[in-house]
Protein chains: 2
Amino acid sequence: MARKTGSHSDITGPLVREAAQRLFARYGYAAVSMRQIAAEVGVQAGALYLYTPDKQTLLFNLMKTHLEELHSAWAAEPKGETPQDRLEVFSRFHIRFHLDRPEEVFIAYMELRNLEPENFAVIESLRRAYEAELESILSDGHTAEEFRAPDIRLATMAIIAMLTGVNTWYREGGRLSRDRVERIYCDMVRRAAGA
Amino acid sequence: MARKTGSHSDITGPLVREAAQRLFARYGYAAVSMRQIAAEVGVQAGALYLYTPDKQTLLFNLMKTHLEELHSAWAAEPKGETPQDRLEVFSRFHIRFHLDRPEEVFIAYMELRNLEPENFAVIESLRRAYEAELESILSDGHTAEEFRAPDIRLATMAIIAMLTGVNTWYREGGRLSRDRVERIYCDMVRRAAGA
DNA sequence: TGCATATCTGAACAGGCGTTCATTTCAAAG
DNA sequence: CTTTGAAATGAACGCCTGTTCAGATATGCA
């Protein structure tokens, strides 16, 4: 097996990431063996250790990359003028970004408990920083008296849960288009925030 | 160390359930061995098979029992008069019931993919039946023109995700009392539903 | 007291785990 | 055409897995 073209595996590295991601998302970190990942790549288990120091780091890097991409994608998003605009931009961004990466999202939520403590701390703080982005929008909206949510922290958690929940049921080609879903959720989010 | 009192283990059976629940919730089904469960109970691994035919059935029964209790608790809940009342009763019930059972809830959400197909189908249909309870409230509210949610199915999913999300952050003795959390979420749910 | 029965042990089974490493393979560079 | 060195193999390491079962243990009943 192994190399078919190209060789000098600048190619195998990414393949390992992708195989691990696919398998972790489908069966869970604990249930997937290094030998299964290797088989998916078309390589023997030992060869994986040319690309990762161990299984744990493989998981950690998947999650860390995902959250860093989340942050930089959000940073690149055009901001709205008013808190209301910004809330709408956030809601649509969150749905879009997460629907584009179902495997990464699934792993980031389900495999937290399989991270060693130091790794967990890193991931957790990235996640909190993202939540803080929404919280500051709600906070600004409260100051500007555009929103009337009774508790900003709870509204933050409720809205994130609501938006991320889309990933659990949305299927491409279903009853509603992505854009329609985004629109409807924006509406519910706006009202939940008291706008 | 085994039996301390009582004996004739009408006692060991429940202990096995409880140990499995605790460990599955903390480390995940795949990461927990029968020997760990046995150690927690104070028994050798082989003895577990007096109480369950296998590990999979242990998981399945935990999830099935949880969902059956959810259904019967909801059935026992006093219903409100108007759709608005019923929505409030549902919201408070959902938060209360789930906060009372963090381990069961965690397992029911995280271990779905570790169920064998037939078992998965059973659990999935119980979960759907519960969602249908909320959906019918929203549907009635729509008919009565009390709610103005743009899409009943999406509002159902959004509200369930929002409410279940409380389990991820609520800690006893935190900033807000349970009752205060219930109240605030009721408010957000009502507005999201367009009431 | 002794018998029957439920409970549990401890060893065994066949196989899988993450990880390491001496050895082989093979494309590119000199 | 040889040398170099990265890439991959395949066997081995010690340990853990779910499950079975013959045998030991302890209890409740006659």
Side-chain angles (χ1 to χ4, degrees), chain A residues 1-24 26-62 107 111 113-119, chain B residues 1-24 26-62 107 111 113-119:
Chain A
M1 303 297 98
R3 271 333 33 66
K4 339 195 100 108
T5 69
S7 204
H8 258 279
S9 291
D10 312 314
I11 258 183
T12 307
L15 283 183
V16 170
R17 276 188 79 88
E18 286 158 28
Q21 182 164 109
R22 197 164 41 245
L23 291 170
F24 288 168
R26 180 126 61 201
Y27 304 108
Y29 174 77
V32 171
S33 73
M34 293 300 268
R35 283 171 180 82
Q36 280 172 68
I37 298 169
E40 194 89 344
V41 177
V43 110
Q44 293 298 316
L48 296 182
Y49 292 84
L50 260 29
Y51 305 96
T52 183
D54 51 37
K55 192 188 177 191
Q56 167 75 198
T57 305
L58 202 46
L59 173 63
F60 173 63
N61 284 335
L62 286 174
I107 292 171
E111 305 298 352
R113 65 177 157 194
N114 289 308
L115 289 174
E116 285 158 15
E118 324 89 88
N119 292 340
Chain B
M1 290 304 95
R3 275 324 39 64
K4 340 195 98 107
T5 68
S7 206
H8 257 281
S9 291
D10 312 314
I11 258 182
T12 306
L15 283 183
V16 170
R17 276 187 79 89
E18 286 158 28
Q21 184 164 106
R22 196 163 43 245
L23 291 170
F24 288 168
R26 182 125 60 201
Y27 304 108
Y29 173 77
V32 171
S33 72
M34 293 300 269
R35 283 171 180 83
Q36 281 172 66
I37 297 169
E40 194 91 345
V41 177
V43 108
Q44 293 298 316
L48 296 181
Y49 292 84
L50 261 31
Y51 305 96
T52 182
D54 51 37
K55 193 188 176 192
Q56 167 76 199
T57 305
L58 202 45
L59 173 64
F60 173 62
N61 283 336
L62 286 173
I107 292 170
E111 306 298 352
R113 64 175 157 195
N114 289 307
L115 289 174
E116 286 158 13
E118 324 87 88
N119 292 341

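Letters go in sequence order (proteins before strands), and every chain restarts at 1. This structure is a prediction, so every number in the text was calculated from the model and none was measured.
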Between Tyr29(A) (OH) and dG18(C) (P), how many Å, whole number?
8 Å
Nearest-Å distance, CD (Gln44(B)) to P (dC21(D))?
18 Å
Before accepting this row, confirm whether a basic side-chain N of the pair Arg113(A)/Glu111(B) lies closer than 4.0 Å to the acidic partner's carboxylate O.
yes
Heavy-atom side-chain proximity of Tyr51(A) to Arg17(A) below 4.5 angstrom:
no
Expected output: side-chain Tyr29(B) to main-chain Gln56(B) donor-acceptor under 3.5 Å:
yes
Nucleotide of dC8(C), dT19(C), dG18(D) approaching Ala45(A) most closely (side-chain heavy atoms)
dT19(C)
I need the CG-P distance between Leu50(B) and dT5(C), as an integer number of Å.
16 Å
May I have the distance from Leu58(B) (atom CG) to dT19(D) (atom P), rounded to whole angstrom?
10 Å
Is there a donor and acceptor pair, one atom on the side chain of Arg35(B) and one on the base of dG18(D), closer than 3.5 Å?
yes
Taking only N and O in the side chain of Ser33(B), is any of them less than 4.0 Å away from OP1 or OP2 of dC16(D)?
no
Distance, rounded to the nearest Å, where Tyr49(A) contributes OH and dC17(C) contributes C1':
9 Å
Rounding to a whole Å, what distance do you find between Gln36(B):CD and dC15(D):P?
17 Å
Distance check needed: dG10(C) C1' versus Leu48(B) CG, whole Å only.
14 Å
Got Met34(B) and Tyr49(B) here, is their nearest side-chain heavy-atom distance under 4.5 Å?
yes
Spacing between Met34(B) atom CE and dC8(C) atom C1', to the nearest angstrom:
15 Å
dC8(C), OP1 or OP2 - any side-chain N/O from Thr12(B) closer than 4.0 Å?
yes
